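The structure appears below as structure tokens.
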Amino acid sequence: DEEQEENEEPSQPVVTFPSPEIRAPRRLRTFDASVGQSVEGRLVHQGSLMMFDGAERCMKPMTVLLFTNGFYAVPQNVGWNPDDAGAQSYAWSPFAEVRELQSNPEDQSCPFRRFFTFAITLFAQDAGFVFGTFGKEGPKERTQWMTAMAGALQGFTKSLFPRFGLSARPLLQVPSTATRLLAGYLLRDEGAGIVSVPYCELHAPRNDTALFLMYARETCECLHSCINIVVVTPVKDLEKQDGSKDEPTQCCFTLDGFIFCARTPQEKKLWLRALLNIQVKLLNCAPNPTAKDLRH
């Protein structure tokens, strides 16, 4: 009997979570990633594109200069100098997506029905840009532009992250991490173009709730904020699903109304899978995990 008692697993781990009321929040690392920031860095791609003018609801010819942190759109009657009147610059936001658009060439009300179009969607601003190519080489040119823009956007997004690796292992010196399922840095939209970089930690569900904790650093010593995840907490992948792609191509999702951005599309997929798996367990009233469950 004594040997059985020694080998018996506790029914659930004893965990004490830190509280924002107990520990003063440490400031998160932040960046200004508003579209009005200076566009600079290495010139990645340049050429002619049609660009949708929302005020006049028509496509206009532009010379587009793509840099590592944004792009210039120069009306073709102005010239190449970005300082000329009419030239517009737009800095990247990590909360964005480059995607192909489909239009019906028979739809007379569509201003870009005659073009091969793609869009840059800015999730935080609920805005975006529509570009188009045309002619025999139009589809090929669209693919080239989309590849260049998506690559520049992902490079910019990665530059905002510190070096780290995703972790599912708790920190021995921090007991509150004992029920950790997944942890790593994410970007979070703070509004007005400000991006914060919290270290996020997703915990196993317990008593109908799972915790999504946000710290200033990966040491998890000072809790900044927390989202309580229940069955009805909104979780949404911001990537448009068209059925033609098996793997994600952008990095953004929302949790409880907050916009987050992962370092890569693959890391976003891991976060979403973990979040949705938790909600399935909550929906099915799964028992609290044991220490043995968490080790596996």
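Being a predicted model, the structure only gives us computed values, none of them experimental.
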With the side chain counted from C-beta on, respond yes when [X] and [Y] share a heavy-atom pair under 4.5 Å apart, and no when they do not.
| X | Y | answer |
| --- | --- | --- |
| Phe258 | Asp189 | no |
| Val174 | Thr219 | no |
| Phe129 | Leu122 | yes |
| Ser109 | Arg57 | no |
| Gln154 | Pro265 | yes |
| Met59 | Phe115 | yes |
| Met51 | Lys60 | no |
| Phe123 | Glu97 | yes |

Is [X] reaching over with its side chain to a backbone N or O of [Y], donor-acceptor style, under 3.5 angstrom?
| X | Y | result |
| --- | --- | --- |
| Gln46 | Val64 | no |
| Gln279 | Thr233 | yes |
| Asn207 | Thr209 | no |
| Arg206 | Thr179 | no |
| Gln125 | Val35 | no |
| Arg180 | Thr177 | no |
| Arg29 | Val197 | no |
| Thr133 | Gly138 | yes |
| Asn69 | Glu40 | yes |

Do [X] and [Y] land in one hydrophobic cluster if side-chain heavy atoms of ILVMFWY residues count as linked below 4.5 Å?
| X | Y | result |
| --- | --- | --- |
| Tyr90 | Ile194 | no |
| Met50 | Met146 | no |
| Leu223 | Leu171 | no |
| Phe164 | Trp271 | yes |
| Ile259 | Leu187 | yes |

Should we count CG of Asp256 as having more than 12 external heavy atoms under 6.0 Å? yes
Quick check on Asn284: does its CG atom have over 12 non-hydrogen neighbours (other residues, nucleotides or ligands) under 6.0 Å away? yes
Phe253/Leu275 under side chain to side chain contact (heavy atoms under 4.5 Å, CB included): CA gap, chis, key distance, verdict: CA-CA 11 Å; Phe253 66 95; Leu275 288 164; 4.0 Å; yes
Find the distance between [atom1] ([X]) and [atom2] ([Y]) and round it off to the nearest 0.5 Å.
| X | Y | atom1 | atom2 | value |
| --- | --- | --- | --- | --- |
| Phe134 | Leu49 | CZ | CG | 9.5 Å |
| Ile227 | Cys200 | CD1 | SG | 8.0 Å |
| Asp237 | Thr254 | CG | OG1 | 8.5 Å |
| Leu255 | Phe260 | CG | CZ | 5.5 Å |
| Lys269 | Thr264 | NZ | OG1 | 11.0 Å |
| Thr121 | Glu239 | OG1 | CD | 11.0 Å |

I would like to know whether Gln76 and Ser48 meet side chain to side chain contact (heavy atoms under 4.5 Å, CB included); could you show each step before the answer? CA-CA 8 Å; Gln76 291 195 344; Ser48 296; 2.8 Å; yes
Compare every heavy atom of [Y] with every heavy atom of [X], then report the nearest pair and how far apart it is.
| X | Y | value |
| --- | --- | --- |
| Gly41 | Thr68 | CA-OG1, 3.6 Å |
| Ala183 | Tyr199 | CB-OH, 3.5 Å |
| Leu282 | Ile229 | CD1-O, 3.7 Å |
| Leu238 | Gln250 | C-NE2, 3.2 Å |
| Pro94 | Phe156 | CD-CE2, 3.9 Å |
| Cys252 | Phe95 | SG-CA, 3.5 Å |

Show the numbers, then the answer: is there a side chain to side chain contact (heavy atoms under 4.5 Å, CB included) between Phe67 and Arg42? CA-CA 5 Å; Phe67 288 82; Arg42 180 174 60 88; over 6 Å; no
Run the side chain to side chain contact (heavy atoms under 4.5 Å, CB included) test on Asn277 and Arg273 for me, step by step, so that the C-alpha distance in whole Å, both residues' side-chain angles and the decisive distance to 0.1 Å come before the verdict. CA-CA 6 Å; Asn277 283 346; Arg273 181 185 298 166; 3.7 Å; yes
For Phe131, run the ring-ring contact (aromatic ring centres under 6.0 Å, His included) check against Phe52, Phe71, Phe116 and tell me which one passes. Phe71
Before we go on, tell me: are the rings of Phe161 and Tyr185 under 6.0 Å apart, centre to centre? no
Indicate the ring-plane relationship of Trp145 and His45, choosing parallel, tilted or perpendicular according to the 30° and 60° boundaries. perpendicular
